[in-house]
There are 2 protein chains.
Amino acid sequence: MAIFSKTCEYAIRAVFFLAHRSAQGGRVGIKEIAAGIGSPELYLAKILQELGRRGLVSSAKGPNGGFYLDAASLSRPLSDIVEAVDGDGIFRGCALGLKQCSETNPCPLHSQFKAIRDQIHHLLHRTTIGEFNEELVQGLLSLKK
Amino acid sequence: MAIFSKTCEYAIRAVFFLAHRSAQGGRVGIKEIAAGIGSPELYLAKILQELGRRGLVSSAKGPNGGFYLDAASLSRPLSDIVEAVDGDGIFRGCALGLKQCSETNPCPLHSQFKAIRDQIHHLLHRTTIGEFNEELVQGLLSLKK
DNA sequence: ATAATAAAGGACAAAAATATCTTTTATTAT
DNA sequence: ATAATAAAAGATATTTTTGTCCTTTATTAT
């Protein structure tokens, strides 16, 4: 098991790719994004459609159309992408899948995993897509598949 | 997405259940385990078969047979169960699913998730099944589904 | 207006994970 | 030896995730 679903991995990579590429104001076609992040084109199209419905990415049809991120999207935390795709299972929910697990009725792993979940949430919540983009632009980090 | 696969959740719960129940030396039938942790009986049987092959649980056929944990199993870290079922994806591997992601060629989430992965690994590696069992015995924690 | 472009949408397909069913094998008690 | 018990093993079924195909809609340029 990975941390995120494959769908979510594609989503995050695509959004980072978009942030990077749409910095100059242009739009990016699905073909280019898919090639850039190494994902199946038509599957990624579905994912971006869904992110579009939720206002996490923008798009335009027709010639010169494509996907892009507006200012509002850039200021969203990365956790919004993760929640849109994978739900909040990674932030909440019991590590052992127990419905009744809670502070007052904890499973054997409860308190330790709560700390970890909180960390993941904090990490994804405190940093916006735009901020990640700045790091990317500085060339310190890689997105290549 | 949850942290562990459903299969792994069942596996951990079953092992904790076994640790608790086989403390008095008895064996526990698959029916009783499945009922105790709220899992599908025949699916759990498959999971325990696999854990058996790997020496993580023991079993005996025939009347008075069933599953149990021997001393060796009790001294194993919980990470062995997780690795047997879910592999090491949670401990290693890139959060964004990138093959080339590494210390020298990090993805945008690399360093932050490395810290989290290490924590998860440490948490699951430093504590043995038997030690979890002791906490369970003290009645502080719940396994009820 | 028309043709070309590119995303949206709906239907379908393949693969993987989860779950069930049936038969076989080993063990125990009679 | 025989019958009963319980896990092991193999086959099959269902559900979810991942991936593809085809048609429609909106936009742009000619």
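Per chain, numbering begins at 1; letters A, B, ... match sequence-line order.
- Among the heavy atoms of the strands, none lies under 4.0 Å from A:A45.
- Note on ring orientation: taking the six-membered ring where Trp is involved, the planes of A:F132 and A:F16 are tilted (angle from 30° to 60°).
- At distances below 3.5 Å, not a single donor-acceptor pair connects side-chain atoms of A:R27 with backbone N or O atoms of A:G65.
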* Assign a letter to each nucleotide of nucleotides 12-19 of chain C from its 5' end: B, base within under 4.0 Å of a protein heavy atom; S, sugar-phosphate only; -, no contact. => ------BB
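- Nearest approach of B:L96 to B:P108, heavy atoms of both residues: CD1-CD, 4.1 Å.
- Under the 3.5 Å distance criterion, the side-chain polar atoms of A:R117 are matched with a main-chain donor or acceptor of A:G93.
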* To do: Determine, stepwise, if the pair B:K114 / B:E103 fulfils side chain to side chain contact (heavy atoms under 4.5 Å, CB included).
  => CA-CA 10 Å; B:K114 178 169 180 3; B:E103 292 294 316; 3.0 Å; yes
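- Using a 4.0 Å cut-off on heavy atoms, none of the residues of residues 66-74 of chain B approach DNA chain C.
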Identify all pairs in which a protein N or O lies below 3.5 Å from an N or O of nucleotides 28-30 of chain C, and state each distance.
{"residue": "C:dA29", "atom": "OP1", "partner": "B:N64", "partner atom": "ND2", "Å": "3.4"}

Give the table of side-chain donor-acceptor pairs shorter than 3.5 Å for residues 53-64 of chain B, with sequence neighbours excluded, one pair per line with atom names and distance.
{"residue": "B:R53", "atom": "NH1", "partner": "B:E50", "partner atom": "OE1", "Å": "2.4"}
{"residue": "B:R54", "atom": "NE", "partner": "B:E50", "partner atom": "OE2", "Å": "2.8"}
{"residue": "B:S58", "atom": "OG", "partner": "B:D70", "partner atom": "OD2", "Å": "3.4"}

* **Trace of the side chain to side chain contact (heavy atoms under 4.5 Å, CB included) decision for B:V82 with B:I120** => CA-CA 11 Å; B:V82 172; B:I120 297 176; over 6 Å; no
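- Side chain of B:R13 to main chain of B:A34: no donor-acceptor pair is present (N/O by atom type, distance under 3.5 Å, no hydrogens or angles).
- With sequence neighbours excluded, the residues satisfying side-chain hydrogen bond (donor to acceptor under 3.5 Å, both in side chains) with B:S102 are B:T104.
- What separates CD1 of A:I33 from C1' of C:dA7 is a distance of 11 Å, to the nearest Å.
- Counting to the nearest Å, the P atom of D:dT18 and the CE atom of A:M1 are 10 Å from each other.
- Protein atom CD of B:E50 is 15 Å distant from nucleotide atom C1' of D:dG10, rounded to whole Å.
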* **side chain to side chain contact (heavy atoms under 4.5 Å, CB included) assessment of B:K31 paired with B:E41** => CA-CA 6 Å; B:K31 266 199 171 61; B:E41 179 187 328; 3.4 Å; yes
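- Distance alone, capped at 3.5 Å, places no donor-acceptor pair between the A:T127 side chain and the A:L124 backbone.
- Going from atom CD1 of B:I30 over to atom P of C:dT22 covers 18 Å, rounded to whole Å.
- Side-chain heavy-atom separations under 4.5 angstrom define the hydrophobic clusters, and A:Y68 shares its cluster with no other residue.
- When all heavy atoms are compared, the tightest approach of A:A11 to A:I47 is CB-CG2, 3.8 Å.
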* Asked: How does DNA chain D look in dot-bracket form if you count Watson-Crick and G-U pairs under 3.5 Å, write [ ] for pairs that cross, and put | where a base pairs with another strand?
  -> ||||||||||||||||||||||||||||||
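- Residue A:F67 holds its CZ atom at 8.0 Å from CG of A:L18, rounded to the nearest 0.5 Å.
- Distance, B:L42 CG to D:dA9 C1': 13 Å, rounded to whole Å.
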Identify each atom pair where a protein N or O and an N or O of nucleotides 12-16 of chain D are less than 3.5 Å apart, giving names and distance.
none

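- Side-chain contact check for A:M1 versus B:M1: some heavy-atom pair is nearer than 4.5 Å.
- The two residues A:V15 and A:L69 have their closest heavy-atom pair at O-CD1, 3.7 Å.
- Nearest approach of A:L44 to A:A14, heavy atoms of both residues: CD1-CB, 3.8 Å.
- Contacts of A:Q119 classified as side-chain hydrogen bond (donor to acceptor under 3.5 Å, both in side chains), with partners at least two apart in sequence or in another chain: B:Q119.
- Residues of residues 86-95 of chain A that place a heavy atom closer than 4.0 Å to DNA chain D do not occur.
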* Asked: Would A:L51 and A:V85 satisfy side chain to side chain contact (heavy atoms under 4.5 Å, CB included), going step by step from the backbone distance to the final call?
  -> CA-CA 8 Å; A:L51 294 183; A:V85 177; 4.1 Å; yes
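- Taken residue by residue, residues 52-59 of chain B places heavy atoms nearer than 4.0 Å to DNA chain D at B:R53, B:S59.
- By the 4.5 Å heavy-atom criterion applied to side chains, B:Y43 and B:T7 are counted as neighbours.
- Separating the CG atom of B:L44 from the C1' atom of D:dA6 is a distance of 14 Å, rounded to the nearest angstrom.
- Residue A:I47 contributes atom CD1, which lies 11 Å from atom C1' of D:dT17 at whole-angstrom precision.
- In this structure, B:L48 reaches neither bases nor backbone, as no heavy-atom distance under 4.0 Å exists between it and the strands shown.
- Across the protein-nucleic acid pair, A:K31 atom NZ and C:dA7 atom P stand 9 Å apart, rounded to whole Å.
- Residue pairs meeting the side-chain hydrogen bond (donor to acceptor under 3.5 Å, both in side chains) criterion with at least one member in residues 79-91 of chain B, sequence neighbours excluded, are B:S5-B:D86, B:R76-B:D80, B:S79-B:H125.
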